[in-house]
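Reading through the structure tokens given below for one structure.
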Amino acid sequence: MTTYSQVKTSTISDKIWSKDFVFICLANFFIFLGFQMTLPTLPLFVKELGGSDQLIGIIVGVFTFSALLLRPYAGHALESKGRGFVYMTGLAIFVLSVGSYAFAASIVFLLIMRIMQGVGWGLSTTATGTIATDLIPPKRRGEGMGYFGLSGNLALAFGPTLGLTLVGYISFTQLFLICASLGFVAFLLSSRIHYKKVDQIAGKSTTVKFDIFEKTALQPAVLLFFITVTFGGITSFLPLYAEENHILGIESYFLVFALFLMVSRTFTGKIYDKKGHVYVFLPGTVLIFGAMLLLAWLPSTFIMLIAAGMYGLGFGSVQPALQAWSVDKAPDNRKGMANATFFSFFDLGVGLGAITFGQLAFMFNYSVIYLTSAASVLFSIILYLYLFIRTKRKNQAAA
């Protein structure tokens, strides 16, 4: 017989919106807002410093590769040194590096600081996903990660638009100082969170090792790689592509993208929890594929905004589902490493996409970027179907 106290305990354990969860969402919002404001404006800053499309790709890409190299360390440090240490160290490095952009007078200095920003980003984003996972009840992980993702999506809704608008009224120096200040707000909020202590983590490591990945997270992480390639092409070159085609309203693209991304987070997490990733991944990737084809065409602002909505709805569905999938099957002492694996492949996709697309833009034109992106998404769909069918057959054979 179930007692009242058991029902009450179960209700509390299934609660998502605790005080600490609110704080991690707010901190995530401010650090992402500062980050998103730099995404569409940094290529413009590189152009102002005399950089080419190739240099834009390298500067965007080197950030993600430095983050990528730090993620395995971050994954283990989360288990050995604690969530708070890794998260707050990453935030501090991020604030200092972005603030230094305000004083960048050369491509070389900017490149060095961009590498440092990647270090801070790799530490902080690996930690924040793991912290959110700690705070969300396992039975509601898909839903909870969707809500947590909304904090970054809200930043995405305002960040790129705000950054592009501000550069029309203030200098790049002032813009980057504002971005650093937003990161500092995230740092202050992070100091208010009660983190899971190291001695509370089951099976934790006593030393920080440097292995590369958590094997249970590999399948969703690889699928994510072929999808985030598209993100590298959009953040690095879409403002320049729109300007070349005399397409107005690039600020609106990022706003529409983020709004549809937020809408997707309100229901796709629940679908994932109830029916699994197949009901989220395939519709989402089909939308992303269509969005890339529309961007390759790009005849008008109207088509660009349709592509933004499709991309937001698709990416907002797929990304949290793949992240929840990455963490679900990982042992308790490897949740941090599972998140590190997930974001490593995220970084790798964005970084390789930006660098590759910089070369493609130099050799051909911007539209080739989005045709290549569409091909990458199509490959992800084919790979998913192969993995899904293979797993289903293995389960049938075992039964």
Side-chain angles (χ1 to χ4, degrees), residues 21-45 60 63 91 94-95 98-99 101-102 117 120-121 124-125 128-129 132 145-190 228 230-232 234-239 242-243 247-266 291 301 304-317 319-320 346 350:
F21 186 69
V22 171
F23 275 132
I24 193 63
C25 286
L26 287 173
N28 197 53
F29 168 76
F30 282 105
I31 191 67
F32 265 82
L33 184 61
F35 174 70
Q36 294 293 345
M37 286 172 66
T38 66
L39 276 183
T41 54
L42 195 60
L44 302 176
F45 183 51
V60 172
F63 161 83
L91 290 176
F94 178 90
V95 170
V98 172
Y101 290 177
Q117 184 192 356
W121 191 249
S124 61
T125 52
T128 191
M145 290 307 291
Y147 292 141
F148 172 70
L150 277 173
S151 60
N153 301 153
L154 282 169
L156 181 56
F158 299 107
T161 302
L162 182 59
L164 287 168
T165 301
L166 285 177
V167 293
Y169 298 94
I170 63 176
S171 66
F172 282 109
T173 296
Q174 293 169 312
L175 174 70
F176 294 136
L177 289 176
I178 291 172
C179 295
S181 299
L182 292 169
F184 185 66
V185 172
F187 181 85
L188 294 177
L189 288 166
S190 70
T228 54
T230 65
F231 203 69
I234 289 173
T235 57
S236 302
F237 298 105
L238 188 57
E243 183 180 354
I247 302 294
L248 302 177
I250 184 61
E251 299 90 349
S252 300
Y253 173 91
F254 291 102
L255 180 61
V256 171
F257 162 61
L259 289 175
F260 275 85
L261 193 120
M262 286 189 288
V263 168
S264 72
R265 296 294 173 94
T266 62
T301 300
M304 181 179 71
L305 296 182
I306 291 177
M310 291 173 63
Y311 189 63
L313 196 59
F315 196 83
S317 301
Q319 189 265 334
F346 191 115
V350 175

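Counting from 1, the numbers follow the sequence of the chain as shown. All values reported here derive from a predicted model rather than from experimental measurement.
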### Query
CG of Leu26 to OG of Ser190: how many Å apart, nearest 0.5 Å?
11.5 Å
#### Entry: Residues forming a ring-ring contact (aromatic ring centres under 6.0 Å, His included) with Phe30, sequence neighbours excluded
none
### Query
CZ of Phe23: more than 12 outside heavy atoms within 6.0 angstrom?
yes
### Closest heavy-atom pair and its distance - Met37, Thr41
O-OG1, 2.7 Å
### Message
I'd like to check the side chain to side chain donor-acceptor pair (under 3.5 Å) partners of Thr125; sequence neighbours left out, ordered by chain and number.
### Response
Arg71
### Query
Should Gln319 and Leu261 be marked as a side-chain contact (heavy atoms from CB on, under 4.5 Å) after you check the CA-CA gap, both sets of side-chain angles, and the distance that decides it?
CA-CA 10 Å; Gln319 189 265 334; Leu261 193 120; over 6 Å; no
#### Entry: Donor-acceptor under 3.5 Å (Thr128 side chain, Ser124 main chain)
no
### Message
I'd like to know whether Leu39 forms a side-chain contact (heavy atoms from CB on, under 4.5 Å) with Phe254, so could you lay out the CA-CA distance, the side-chain angles of the two residues, the decisive distance to 0.1 Å, and finally the verdict.
### Response
CA-CA 11 Å; Leu39 276 183; Phe254 291 102; over 6 Å; no
### Message
Minimum heavy-atom separation for Ile250 and Ala242, please, with both atom names.
### Response
CD1-CB, 4.3 Å
### Query
To the nearest 0.5 Å, how far apart are CG in Leu189 and SG in Cys25?
11.0 Å
### Query
How far apart are the closest heavy atoms of Cys179 and Thr38, and which atoms are they?
SG-CG2, 3.7 Å
### Task
Enter the distance from Leu248:CG to Glu243:CD here, rounded to the nearest 0.5 Å.
10.5 Å
### Task
Show your working on side-chain contact (heavy atoms from CB on, under 4.5 Å) between Phe315 and Thr228 and close with a plain yes or no.
CA-CA 9 Å; Phe315 196 83; Thr228 54; 4.2 Å; yes
### Task
Would you sort out whether Leu175 and Tyr101 count as a side-chain contact (heavy atoms from CB on, under 4.5 Å), showing the intermediate values?
CA-CA 9 Å; Leu175 174 70; Tyr101 290 177; over 6 Å; no
### Query
When the ring centroid of Phe176 is compared with that of Phe45, is the distance short of 6.0 Å?
yes
#### Entry: Whether Ser151 side chain and Phe148 backbone form a donor-acceptor pair below 3.5 Å
yes
## Note on the structure
Minimal heavy-atom distance between Leu33 and Ala155, with the atoms involved, is N-CB, 3.4 Å
### Query
Hey, does the side chain of Ser317 reach the backbone of Ser264 with a donor-acceptor pair shorter than 3.5 angstrom?
no
### Task
Mark yes when over 12 heavy atoms from residues, nucleotides or ligands other than Phe260 sit less than 6.0 Å from its CZ; otherwise mark no.
no
### Message
How close do Trp121 and Ile31 get, counting heavy atoms only, and between which atoms?
### Response
CZ3-CG1, 3.9 Å
### Query
If you take all heavy atoms of Ala291 and Ala307, which pair is closest and at what distance?
CB-O, 3.5 Å
